**Student:** 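Here it is, the structure, as structure tokens.
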Amino acid sequence: MNVDYLIVGAGFTGSVLAERLAKAGKQVLLLDKRDHIAGNAYDEFDENGVLVHRYGPHIFHTNAAHVWRYLAQFTQWRSYYHEVLAVIDGHQVPIPFNLNSIEQLFPAHYAEKLSKQLIKRFGYNVKVPILKLREQSDGDLDFLADYIYKNVFEGYTLKQWELKPEELGASVTGRVPVYVSRDNRYFQDKYQGMPLHGYTQLFRNMLKHKNIRIMLNTDYKDIAKQVKHKHLIYTGPIDEYFEHQYGELPYRSVEFEMQYHEQAQMQAVGTVNFPNEYDYTRTTDMKTLTGQQHHGSTLITEHPQRYQRGENDPYYPIPKEEYRKLYRKYKKAADGLGDKVIFAGRLGSYQYYNMDQAVASALSLSEKL
Ligand code: FAD
Ligand code: UDP
């Protein structure tokens with residue numbers, strides 16, 4: 001076989017690049033070792049007929065108009081604003097932690113005092129990462145910062161990463177900052193929604209092009225030498241490509257437990273977080289996200305795990321300086337290969353990308369190519 005581009009991985013990164021390059025007249029072979037396209041965004045109907053996300057709940061959100069419009073060529077959007085409640089001291093309160101959370105957790109007069117001080121100190125409608133709040137607080141605010149750190153972040157982060165918040169890059173807990181506001185949405189992006197007929201259908205539409213051939217159940221290692229290609233785009237783990245020559249990059253994995261219930265709705269909002277109780281981090285009611293009509297519902301419970309090669313999947317690169325350093329060694333080796341081999345995506349560039357960031361970086365890479 002002879003192609004212009006051999007693309008490894010049919011997730012957002014590989015598929016967007018396949019679509020762009022095919023449209024520009026290039027012959028593309030897209031392969032994935034899994035038995036399906038769509039990477040970690042893959043969705044399917046389970047045995048009870050509920051549309052589920054096999055690799056954990058995915059909600060689309062972006063501030064990038066060009067990303068939203070690009071994907072709108074392949075799907076209609078269902079408007080959806082994700083909301084999350086965390087169980088704290090027996091109450092379910094909004095996350096990101098905000099003025100409503102304070103009101104639900106503390107006696108009225110004290111809640112009012114804390115809220116006034118927060119607004120005075122940081123302003124209204126302002127997002128304050130927990131590590132910053134801890135650094136810049138005194139008096140009552142110091143108590144509040146400590147309370148939020150202990151009850152919202154510490155336990156959850158230990159479960160998810162086996163690390164404390166301050167041991168990770170500040171951007172990790174900064175994804176869910178304390179929000180001096182009454183806005184209960186998980187994201188404030190300008191564009192938010194779910195693909196009306198699911199992610200897999202979006203990918204099918206995106207990859208429908210005569211210049212794209214797709215091979216599933218195919219590991220790059222097994223066919224590398226059989227396909228003649230001018231360029232390789234690799235969206236799998238970068239350390240795996242180099243046979244871990246500098247040592248393994250660490251990742252976090254998750255086991256997704258799916259449970260069907262004969263009940264139309266299982267929880268008040270899409271996701272409930274459990275920072276303190278149980279070993280799992282969160283439960284998500286799939287139908288709240290997809291808007292599907294069905295008499296039952298499927299709940300996904302996330303059990304974080306260590307990644308072990310060959311045993312489970314590498315879902316999260318771990319944002320920690322020591323691992324970035326190791327990544328940079330692989331990056332240097334990658335740069336040494338010139339433009340014949342290009343690494344991209346969440347695993348290829350060891351970056352904690354959201355879907356829109358994966359799409360945006362694939363679009364800008366396709367422009368360069
Ligand atoms: P992937 O989707 O991981 O695709 C890489 C593909 O490469 C995989 O299909 C893999 O099988 C294939 N591959 C790897 N090695 C080989 C090989 N040797 N041969 C052949 N194929 C190979 N983002 C959001 O914006 N919103 C969310 O709500 C959200 N929720 C998430 C929840 C969870 C639990 C996780 C893990 C991620 C979530 N994300 C979310 C992030 C999102 O999944 C990623 O941004 C996106 O999937 C990145 O796309 P990608 O193509 O770079 O990687
Ligand atoms: N986080 C937390 N408590 C929460 C929600 C988030 O401690 O209730 C921290 C935790 O470290 C988590 C990070 O913030 O890994 C990012 O959360 P997000 O929901 O963005 O994670 P993802 O959806 O990518 O798993």
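Quick caveat: nothing in here was measured; it's all calculated off a predicted structure. Atoms within each ligand, like the ligands themselves, are counted from 1 in listed order.
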**Student:** Please report which non-hydrogen protein atom sits nearest to atom 8 (C) of ligand 1, along with the residue it belongs to and the distance in Å to one decimal place.
**Tutor:**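 Answer, as residue, atom name and distance: Asp32 OD2, 3.5 Å.
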**Student:** Is Ser15 touching ligand 1 with its side chain, its backbone, both, or neither, if touching means heavy atoms under 4.0 Å apart?
**Tutor:**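 Near ligand 1, Ser15 shows nothing, with every heavy atom at 4.0 Å or more.
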**Student:** Are there more than 12 heavy atoms of other residues, nucleotides or ligands under 6.0 Å from atom NZ of Lys127?
**Tutor:**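 Atom NZ in Lys127 is packed in, count exceeds 12.
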**Student:** Any atom of ligand 1 sitting under 4.0 Å from a heavy atom of Ala41?
**Tutor:**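 Under 4.0 Å: no for Ala41.
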**Student:** For atom 34 (C) of ligand 1, tell me which residue out of Tyr316, Tyr315, Tyr251 has the closest non-hydrogen atom.
**Tutor:**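 The option holding the nearest heavy atom is Tyr316.
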**Student:** Any nitrogen or oxygen of Gln160, side chain or backbone, less than 3.5 Å from one on ligand 2?
**Tutor:**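 Gln160 vs ligand 2: no N/O contact under 3.5 Å.
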**Student:** Which atoms of ligand 1 sit under 4.0 Å from any heavy atom of Gly11?
**Tutor:**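 With Gly11 as reference, the close atoms of ligand 1 come out as 2 (O), 4 (O), 51 (O).
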**Student:** Considering only protein heavy atoms, which is closest to atom 32 (C) of ligand 1, and at what distance to one decimal place?
**Tutor:**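 Answer for atom 32 (C) of ligand 1: Pro57 O, 3.6 Å.
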**Student:** Which atoms of ligand 1 sit under 4.0 Å from any heavy atom of Phe256?
**Tutor:**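 With Phe256 as reference, the close atoms of ligand 1 come out as 34 (C).
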**Student:** For Asp335, does the CG atom sit with more than 12 other heavy atoms under 6.0 Å from it, leaving out its own atoms?
**Tutor:**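 Yes - once you tally the heavy atoms of other residues, nucleotides and ligands closer than 6.0 Å, there are more than 12.
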**Student:** Salt bridge (charged side-chain N to carboxylate O under 4.0 Å, His left out), that's the test. Do Glu277 and Lys159 meet it? Break it down for me.
**Tutor:** CA-CA 10 Å; Glu277 288 91 10; Lys159 282 192 247 182; over 6 Å; no
**Student:** Compute the shortest N/O to N/O distance between Glu302 and ligand 1 and return yes if it is under 3.5 Å, no if not.
**Tutor:**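 So ligand 1 has no N or O lying under 3.5 Å from an N or O of Glu302.
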**Student:** What protein heavy atom sits nearest atom 8 (O) of ligand 2, and how far off is it?
**Tutor:**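 The closest heavy atom on the protein side is Asn273 ND2, 2.9 Å.
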**Student:** Any idea which atoms of ligand 1 are less than 4.0 Å away from a heavy-atom of Gly9?
**Tutor:**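 Those atoms are 6 (C), 7 (O), 12 (C).
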**Student:** May I ask you to check whether Tyr156 has an N/O atom sitting below 3.5 Å from an N/O atom of ligand 2?
**Tutor:**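 No, Tyr156 has no N/O under 3.5 Å of an N/O on ligand 2.
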**Student:** Go through Thr271 and Thr284 one step at a time and tell me if the side chain to side chain donor-acceptor pair (under 3.5 Å) criterion holds.
**Tutor:** CA-CA 4 Å; Thr271 296; Thr284 298; 2.9 Å; yes
**Student:** Between Glu240, Glu248, Glu243, which is the residue that forms a salt bridge (Lys or Arg N to Asp or Glu O under 4.0 Å) with Arg309?
**Tutor:**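 Going through Glu240, Glu248, Glu243 one by one, the salt bridge (Lys or Arg N to Asp or Glu O under 4.0 Å) with Arg309 is satisfied by Glu248 alone.
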**Student:** Tell me which part of Arg282 gets within contact of ligand 2: side chain, backbone, both or neither, using heavy atoms under 4.0 Å.
**Tutor:**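 Arg282 to ligand 2: side-chain contact only, backbone stays beyond 4.0 Å.
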**Student:** What protein heavy atom lies closest to atom 20 (O) of ligand 2? Include the residue and the distance to one decimal.
**Tutor:**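 Ranked first by proximity to atom 20 (O) of ligand 2 is Arg175 NE, 2.8 Å.
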**Student:** Relative to atom 26 (N) of ligand 1, which among Ile7, Asp356, Ile59, Thr218 owns the nearest non-hydrogen atom?
**Tutor:**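 Of the listed residues, Ile59 has the closest heavy atom.
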**Student:** Work out whether the distance between some heavy atom of Val254 and some atom of ligand 1 is less than 4.0 Å.
**Tutor:**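 False for this residue.
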**Student:** What about Arg282: any of its N or O atoms under 3.5 Å from an N or O on ligand 1?
**Tutor:**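 For ligand 1, there is no N or O atom that lies under 3.5 Å from one belonging to Arg282.
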**Student:** Among all the protein's non-hydrogen atoms, which is closest to atom 13 (C) of ligand 2, and how far away is it?
**Tutor:**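 Protein heavy atom at minimum distance: Val172 O, 3.5 Å.
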**Student:** Quick check: does Tyr316 get an N/O under 3.5 Å from an N/O on ligand 2?
**Tutor:**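 Between Tyr316 and ligand 2 (N or O atoms, distance only) the closest approach is under 3.5 Å.
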**Student:** Could you tell me whether some N/O pair between Val152 and ligand 2 is separated by less than 3.5 angstrom?
**Tutor:**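 Yes.
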**Student:** For atom 23 (N) of ligand 1, which protein heavy atom lies nearest, and how many Å away is it?
**Tutor:**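 For atom 23 (N) of ligand 1, the nearest protein heavy atom comes out as Met355 N, 3.3 Å.
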**Student:** What orientation do Tyr352 and Tyr316 show, parallel under 30°, tilted 30 to 60°, or perpendicular over 60°?
**Tutor:**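 Perpendicular: the ring planes of Tyr352 and Tyr316 meet at over 60°.
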**Student:** Report yes or no: is the cationic atom of Arg346 (NZ for Lys, CZ for Arg) under 6.0 Å from the centre of the six-membered ring of Tyr315, at an angle within 45° of the ring normal?
**Tutor:**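 No, a cation-pi geometry is absent between Arg346 and Tyr315.
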**Student:** Using a distance-only test with no angle check, is there a side-chain donor-acceptor pair under 3.5 angstrom linking Asp43 and Thr200?
**Tutor:**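 Checked: Asp43/Thr200 side chains pair up, N/O donor to acceptor below 3.5 Å.
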**Student:** Quick one: look up the protein heavy atom nearest atom 53 (O) of ligand 1 and list residue, atom name and how far away it is.
**Tutor:**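 Checked against all protein heavy atoms, atom 53 (O) of ligand 1 sits closest to Arg346 CB, 4.5 Å.
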**Student:** Can the ring centroids of Tyr199 and His53 be said to lie less than 6.0 angstrom from one another?
**Tutor:**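 Under 6.0 Å, so yes.
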**Student:** For Lys221 and ligand 1, does the shortest N/O to N/O distance drop below 3.5 Å?
**Tutor:**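 N/O-N/O distance under 3.5 Å: no.
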**Student:** Show the atoms of ligand 1 that are less than 4.0 angstrom away from any heavy atom in Gly236.
**Tutor:**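 This gives 14 (C), 15 (N) as the contact atoms.
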**Student:** Specify side chain, backbone, both or neither for Val8, according to which of its non-hydrogen atoms lie closer than 4.0 Å to ligand 1.
**Tutor:**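 Just the side chain.
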**Student:** Check whether the ring centres of Tyr220 and Tyr234 lie less than 6.0 Å apart, and answer yes or no.
**Tutor:**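 Close enough - the centres of the two rings lie under 6.0 Å apart.
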**Student:** Set out, in order, the CA-CA distance, both residues' side-chain angles and the distance that settles side chain to side chain donor-acceptor pair (under 3.5 Å) for Asp183 and Tyr81, then state yes or no.
**Tutor:** CA-CA 11 Å; Asp183 181 347; Tyr81 295 102; over 6 Å; no
**Student:** Would you mind running through ligand 1 and noting each atom that sits below 4.0 Å from a heavy atom of Gly345?
**Tutor:**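 Heavy-atom distances to Gly345 below 4.0 Å select 52 (O).
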**Student:** How far is atom 18 (P) of ligand 2 from the closest protein heavy atom, and which atom is that?
**Tutor:**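 Here the closest protein heavy atom is Tyr186 OH, 3.7 Å.
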**Student:** Write out the residue and atom name of the closest protein heavy atom to atom 11 (O) of ligand 2, then the distance separating them to 0.1 Å.
**Tutor:**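 Nearest protein contact, heavy atoms only, for atom 11 (O) of ligand 2 is Thr157 OG1, 2.9 Å.
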**Student:** Provide the number and element of each atom of ligand 1 under 4.0 Å from a heavy atom of Tyr234.
**Tutor:**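 Once the distances to Tyr234 are compared, the set is 18 (N).
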**Student:** In this structure, are over 12 heavy atoms from other groups packed under 6.0 Å from Arg182 atom CZ?
**Tutor:**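 Yes - once you tally the heavy atoms of other residues, nucleotides and ligands closer than 6.0 Å, there are more than 12.
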**Student:** Using a strict cut-off of 4.0 Å, indicate which atoms of ligand 1 neighbour a heavy atom of Phe12.
**Tutor:**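 Counting atoms of ligand 1 from 1, those under 4.0 Å from Phe12 are 49 (O), 51 (O).
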**Student:** Have a look at Tyr353, Tyr352, Trp161 and point out the one with the heavy atom closest to atom 24 (O) of ligand 2.
**Tutor:**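 Checking each option, the heavy atom nearest atom 24 (O) of ligand 2 is found in Tyr352.
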**Student:** Considering only protein heavy atoms, which is closest to atom 18 (N) of ligand 1, and at what distance to one decimal place?
**Tutor:**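 Scanning the protein heavy atoms, the shortest distance from atom 18 (N) of ligand 1 goes to Asp219 OD1, 3.0 Å.
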**Student:** Check for me whether Arg185 meets the cation-pi criterion with Tyr179, that is, NZ or CZ under 6.0 Å from the six-membered ring centre and within 45 degrees of the ring axis.
**Tutor:**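 No, Arg185 does not sit over the ring of Tyr179.
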**Student:** Looking only at protein heavy atoms, identify the closest one to atom 1 (P) of ligand 1 and say how far it is in Å.
**Tutor:**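 Of every protein heavy atom, Asn40 N, 4.1 Å lies nearest to atom 1 (P) of ligand 1.
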**Student:** If only side-chain N and O atoms count, and only distance matters, is there a donor-acceptor pair under 3.5 Å linking Arg175 with Asn354?
**Tutor:**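 There is such a pair (donor and acceptor under 3.5 Å, judged by atom type) between the side chains of Asn354 and Arg175.
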**Student:** Can you report which non-hydrogen protein atom sits closest to atom 17 (O) of ligand 2, along with the distance?
**Tutor:**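 Result for atom 17 (O) of ligand 2: Val176 CG2, 3.5 Å.
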**Student:** Heavy atoms only: which of Glu240, Gln357, His58 is nearest to atom 42 (C) of ligand 1?
**Tutor:**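 Minimum heavy-atom distance to atom 42 (C) of ligand 1 goes to His58.
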**Student:** As a quick check of understanding, evaluate side chain to side chain donor-acceptor pair (under 3.5 Å) for His82 and Tyr80, giving each step before the final call.
**Tutor:** CA-CA 6 Å; His82 194 50; Tyr80 172 68; 2.8 Å; yes
**Student:** Near Tyr353, which atoms of ligand 1 are under 4.0 Å from a heavy atom of that residue?
**Tutor:**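 Near Tyr353, meaning under 4.0 Å from one of its heavy atoms, ligand 1 has 41 (C), 44 (C), 45 (O).
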